[in-house]
Amino acid sequence: MISLEEQRPTWDEYFIMIAKLAATRSTCLAFPVGAVIVKDRQVLATGYNGSPSGSAHCTAQGFCYPGLSSCDASSSLPSRAVHAEANAIAQAAKHGISTNGAFIYVTLEPCISCLKLIISAGIKQVFYETEFNKGDKVLVRDSFLKDGLVTLTKIKLSEKTAKNAGLFLLNPTSVARDKLETTEIF
């Protein structure tokens with residue numbers, strides 16, 4: 001049996017799980033993405049990708065544009081989605097919260113536009129789960145890294161932590177541990 005201390009997620013796992021939960025709110029048909037901005041181990045803002053506030057959700061209408069199932073199905077039309085990172089930064093700005101010196105956890109590596117926005121918002125470290133940039137975009141990304149403007153770290157949620165979190169999501173959480181109905185998962 002694993003001790004209770006060993007069941008606790010690391011800080012990186014904790015924040016990537018929050019980003020993954022934010023992604024469940026995504027209204028994008030192509031990529032559900034979530035983001036969480038953190039400073040001094042405190043959540044400042046969260047965001048997920050989807051159409052701009054007030055416009056029809058792609059998931060609600062079943063398409064991004066008439067005749068186009070999702071934004072990534074077109075090489076010419078721009079995505080309707082506001083990216084998760086941009087939404088998180090916008091939420092912080094909307095509420096007067098400084099992101100200078102913060103970290104951001106994202107389920108998908110930021111695109112170049114979002115990476116520029118992250119840098120401009122003073123966010124110094126990006127932790128991401130899934131790679132995104134390819135080709136020439138990697139050259140631009142790597143130039144920002146070389147200049148020391150931001151750091152990128154790919155992280156992976158451990159299976160043990162994910163299973164433990166699943167127990168918390170599927171069962172009542174605030175009950176005595178000895179009364180919690182759990183199955184041996186470790």
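Numbering starts at 1 and runs along the sequence shown. The structure displayed is predicted, hence computed values, not measured ones.
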Margin query: For Glu13 and Ser158, which I'm curious about, is there any donor-acceptor pair between the side chains at under 3.5 Å?
Written below: yes
Note to self: Within this structure, what is the CD-OG distance for the pair Glu85 and Ser113, rounded to the nearest 0.5 Å?
What the structure shows: 10.0 Å
Next item on the list: Count the heavy atoms of every other residue, nucleotide or ligand shown that sit under 6.0 Å from OH of Tyr65, and state whether that count exceeds 12.
Entry: yes
Next item on the list: Would you give the length of the straight line joining atom OH of Tyr14 to atom OH of Tyr105, rounded to the nearest 0.5 angstrom?
Entry: 11.5 Å
Notebook entry, point to check: Are Leu157 and Leu167 connected in a single hydrophobic cluster, I mean Ile/Leu/Val/Met/Phe/Trp/Tyr linked by side-chain heavy atoms less than 4.5 Å apart?
Noted result: no
Margin query: Just verifying a value: how many Å separate Leu139 CG and Lys137 NZ, rounded to the nearest 0.5 Å?
Written below: 12.0 Å
Notebook entry, point to check: Atom CD1 in Ile18, atom CD1 in Ile37: separation rounded to 0.5 Å?
Noted result: 12.5 Å
Notebook entry, point to check: Given Phe103 and Lys39, is the side chain to side chain contact (heavy atoms under 4.5 Å, CB included) satisfied, shown in steps?
Noted result: CA-CA 6 Å; Phe103 300 172; Lys39 188 171 185 179; over 6 Å; no
Notebook entry, point to check: Below 4.5 Å, heavy atoms only, C-beta onward: do Thr161 and Met17 meet side chain to side chain?
Noted result: yes
Next item on the list: Test Val33 against every option in Val106, Thr130, Asn87 by the side chain to side chain contact (heavy atoms under 4.5 Å, CB included) rule and name the one that passes.
Entry: Val106
Next item on the list: State, yes or no, whether a side-chain contact exists between Asn49 and Val82 at a heavy-atom distance under 4.5 Å.
Entry: no
Check: Donor-acceptor pair, Thr27 side chain versus His57 backbone, under 3.5 Å?
Finding: no
Check: Is there a side chain to side chain contact (heavy atoms under 4.5 Å, CB included) between Ile89 and Ile118 once you walk through the steps?
Finding: CA-CA 8 Å; Ile89 291 167; Ile118 286 166; 4.1 Å; yes
Notebook entry, point to check: Do the side chains of Leu21 and Val43 join up, straight or via other hydrophobic residues, at under 4.5 Å, putting them in one cluster?
Noted result: no
Check: Does Arg80 use its side chain to pair, donor to acceptor, with the backbone of Ala56 at less than 3.5 Å?
Finding: yes
Notebook entry, point to check: So if you build clusters from Ile, Leu, Val, Met, Phe, Trp, Tyr with side-chain heavy-atom gaps below 4.5 Å, do Leu108 and Tyr128 land together?
Noted result: yes
Item checked: Neighbour count >12 (heavy atoms, 6.0 Å) for atom CG, Asp147 -> yes
Notebook entry, point to check: Taking it one step at a time, do Lys160 and Asn164 satisfy side chain to side chain contact (heavy atoms under 4.5 Å, CB included)?
Noted result: CA-CA 6 Å; Lys160 177 176 71 171; Asn164 191 47; 5.8 Å; no
Next item on the list: Report the distance from atom CD1 of Ile104 to atom CD of Gln125, rounding to the nearest 0.5 Å.
Entry: 12.0 Å
Item checked: Heavy-atom side-chain contact between Tyr48 and Pro32 under 4.5 Å -> no
Check: Distance-only, no hydrogens or angles: does the Ser120 side chain make a donor-acceptor pair with backbone N or O of Leu117 under 3.5 Å?
Finding: no
Check: Where the side chain of Thr107 meets the backbone of Lys20, is there a donor-acceptor pair that is under 3.5 Å apart?
Finding: no
Margin query: Looking at every non-hydrogen atom in both residues, tell me the closest pair between Cys114 and Ala86 and how far apart they are.
Written below: SG-N, 4.5 Å
Checklist line | Side-chain donor or acceptor of Glu109 paired with backbone N/O of Glu131 under 3.5 Å | finding: no
Item checked: Over all atoms of both residues, closest heavy-atom pair of Ala45 and Ala88 -> CB-O, 3.4 Å
Next item on the list: Please lay out, stage by stage, how Leu44 and Val38 fare under the test side chain to side chain contact (heavy atoms under 4.5 Å, CB included).
Entry: CA-CA 5 Å; Leu44 301 180; Val38 175; over 6 Å; no
Item checked: Taking every non-hydrogen atom, the tightest pair across Leu145 and Val150 -> CD2-O, 3.2 Å
Note to self: Once rounded to the nearest 0.5 Å, what's the spacing between atom CZ of Arg141 and atom CG of Leu115?
What the structure shows: 8.5 Å
Check: Applying the 4.5 Å side-chain criterion to the ILVMFWY set and letting contacts propagate, would Val126 and Ile155 be lumped into a single cluster?
Finding: no
Check: Do Lys116 and Ile112 have side-chain heavy atoms sitting under 4.5 Å apart?
Finding: yes
Check: Applying the 4.5 Å side-chain criterion to the ILVMFWY set and letting contacts propagate, would Leu152 and Phe127 be lumped into a single cluster?
Finding: no
